[in-house]
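Structure, as structure tokens:
Each chain gets a letter, A, B and so on, in the order the sequences are listed, and its residues count up from 1.
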There are 2 protein chains.
Amino acid sequence: MLTQAAEDYLKSIYKLQEKGGKVSTGVLAQYLNVKPASVTGMLKKLKTMNLVNHERYQGVTLTSAGKAIALEIIRHHRLLELYLFRALGVPWDSVHEEAEKLEHVISEDVEARMDEFLGYPTTDPHGAPIPDKNGVVTQKAYFQMTTLHKGQSCVVAEVSDTDPALLRHLASFNLYPGTAFRVLDIAPFEGPFTIEIATENEEGQQAILGREVTKHIFVADVQDTEPT
Amino acid sequence: MLTQAAEDYLKSIYKLQEKGGKVSTGVLAQYLNVKPASVTGMLKKLKTMNLVNHERYQGVTLTSAGKAIALEIIRHHRLLELYLFRALGVPWDSVHEEAEKLEHVISEDVEARMDEFLGYPTTDPHGAPIPDKNGVVTQKAYFQMTTLHKGQSCVVAEVSDTDPALLRHLASFNLYPGTAFRVLDIAPFEGPFTIEIATENEEGQQAILGREVTKHIFVADVQDTEPT
DNA sequence: GATATAATTTAGTCATGCCTAAATTAATTT
DNA sequence: AAATTAATTTAGGCATGACTAAATTATATC
Ligand SMILES: [Mn+2]
Ligand SMILES: [Mn+2]
Ligand SMILES: [Mn+2]
Ligand SMILES: [Mn+2]
């Protein structure tokens, strides 16, 4: 069994190399809240275990063995988030922190039982894909919300799960993965978005979202619609 | 926050001092699968944190602060065992091992939610009492099964939870906490017990339990009955 | 009461995983 | 091409928590 620290390194390398190939020591250090020197030390260990490819000064990538472990931990994390949310009613904004500790500790048996209880889900409460038990991830295509134009409508696909305050803010507008909305206006000079959120009773709730917030929202099913 | 190792020491000291007051270094070492020298080292640390009373060569006891932490961990452990058993159907013989890792990692919020889901239970799947949220334990009076005499009937109160093979053996006879049985015979020279287990359809299943097994079973509601 | 035996503590090591400070290497400017 | 700046690695330390071997203290035996 790997240590918790080693598992977190692998998970982080996976996430960072998804958007950008080779991962530099500095980027990884910042992501893990650790100094670059500590990263170098751990990469050496991971390399002797054949979990990463690493040439000095050249950045790091996962080997297929390393990737398999990373996906295993990510699967634990996302299943746990959804399980805690659905089965125990743990709030949307605290499941991440809780799962961060539990992911290293649950057995394959408990993982399988949660999966069954949840009906073999494919996304976590923040819209992130849950790798299947063989480590296959089905990543839906989506765009950062900042790329939307006035008048377009879409559906929330995924939101960042690390900042509880952001998640509470989104929840205050009922803005969850699966929620549909339309862009009514975008203020100039990188200003805020005004959107209309589709609600069950057809009324359409309005919300104003600052730029920082929209960077953490990803959308799909983008369509151009007639202005009302 | 304490380390996982420190929490395990406190939990173990609590359990050992329950039956026998002061706990010796050697006994604690054996219980934790660690060498006596390692125990001495940890006791020094725990003493500086005012969690234990320890005079060299004189054994160790918990301070009230240490006891509070021990009970907190034990509460986690037993709630987790029951939760895994009831909510996820984890088998009787593997909940202990699973809970051993999770107990150090769950939040007070998840603890409270499991407690609510379970209806504020008072005993775990092996019959051990669950301390309440204020650390109050209500320990039912019971006796080791070896103290029973031929003809007596009783109810299983608690069984040891550490050995999965033993638990599977007991399960094969449907012998769980709450199960009633009567002693039909005790073979001489520390021999095995023959018992009749009460079943729903009144038939009465017989079982033969060796001495080693009976040492791990604790019973209550002992009554002298007429031999049939 | 001296002596043997058992339990406990001390002393010195080792592996993890983090740190800071200094040295090295790579990338950018000029 | 040389010099500056940034990224990365090396070197040396620290805290945990385990180990072994040796020294110490307590207990049992004669
Ligand atoms: Mn983690
Ligand atoms: Mn998530
Ligand atoms: Mn434990
Ligand atoms: Mn138990």
Could you give the NE2-to-P distance, from A:H104 to C:dG17, as a whole number of Å? 12 Å
Starting at atom CG of A:D8, determine the distance to atom C1' of C:dT16, rounded to an integer number of angstrom. 15 Å
Tell me: CG of B:L2 to P of D:dT16, nearest whole Å? 11 Å
A:E55 CD to C:dT25 C1', straight-line distance once rounded to whole Å: 15 Å
Under 4.0 Å between a side-chain N or O of A:T40 and OP1 or OP2 of D:dT10? no
Short side-chain N/O contact from B:H54 to OP1 or OP2 of C:dT9, under 4.0 Å: yes
OP1 or OP2 of C:dC18 under 4.0 Å from side-chain N/O of A:Y9: yes
Check step by step if salt bridge (Lys or Arg N to Asp or Glu O under 4.0 Å) holds for B:E100 and B:K11. CA-CA 11 Å; B:E100 199 60 47; B:K11 190 175 72 160; 2.7 Å; yes
Measuring to OP1 and OP2 of D:dT10, would you say a side-chain N or O of A:K44 lies under 4.0 angstrom away? yes
Residue closer to the 5' end of DNA chain C, A:V34 versus A:Q58 (nearest nucleotide): A:V34
Take the angle between the ring planes of A:F218 and A:Y142 and call it parallel below 30°, perpendicular above 60°, tilted in between. tilted
With a 4.0 Å cutoff (strictly under), does any side-chain N or O of B:S24 reach OP1 or OP2 of C:dT8? yes
Ring-plane angle category for A:W92 and A:Y176, please: parallel below 30°, perpendicular beyond 60°, tilted otherwise. perpendicular
For a quick test of reading the model: is some side-chain N or O of B:S38 closer than 4.0 Å to OP1 or OP2 of D:dA18? no
Taking 4.0 Å as the cut-off, does a side-chain nitrogen or oxygen of B:K35 come that near to OP1 or OP2 on C:dT8? no
A:K150 NZ: over 12 foreign heavy atoms closer than 6.0 Å: no
Report the distance from atom CD of B:Q4 to atom P of D:dG17, rounded to the nearest whole Å. 10 Å
Within this structure, what is the CG-to-P distance between A:N33 and C:dC19, rounded to whole angstrom? 9 Å
Length of the line joining A:L28:CG and D:dT8:C1', which is rounded to integer Å: 13 Å
Within this structure, what is the CZ-to-P distance between A:R56 and D:dT8, rounded to whole angstrom? 13 Å
Spell out yes or no: do the side chain of A:Y57 and the base of C:dT24 have one donor N/O and one acceptor N/O closer than 3.5 Å? yes
Which listed nucleotide (D:dG17, C:dT8, D:dT8) is nearest to the side chain of A:T25? D:dT8
So, B:E98 side chain and A:V110 main chain: donor-acceptor pair closer than 3.5 Å or not? no
Tell me what B:A5 touches on the nucleic acid: a base, only sugar-phosphate, or nothing, going by heavy atoms under 4.0 Å. sugar-phosphate
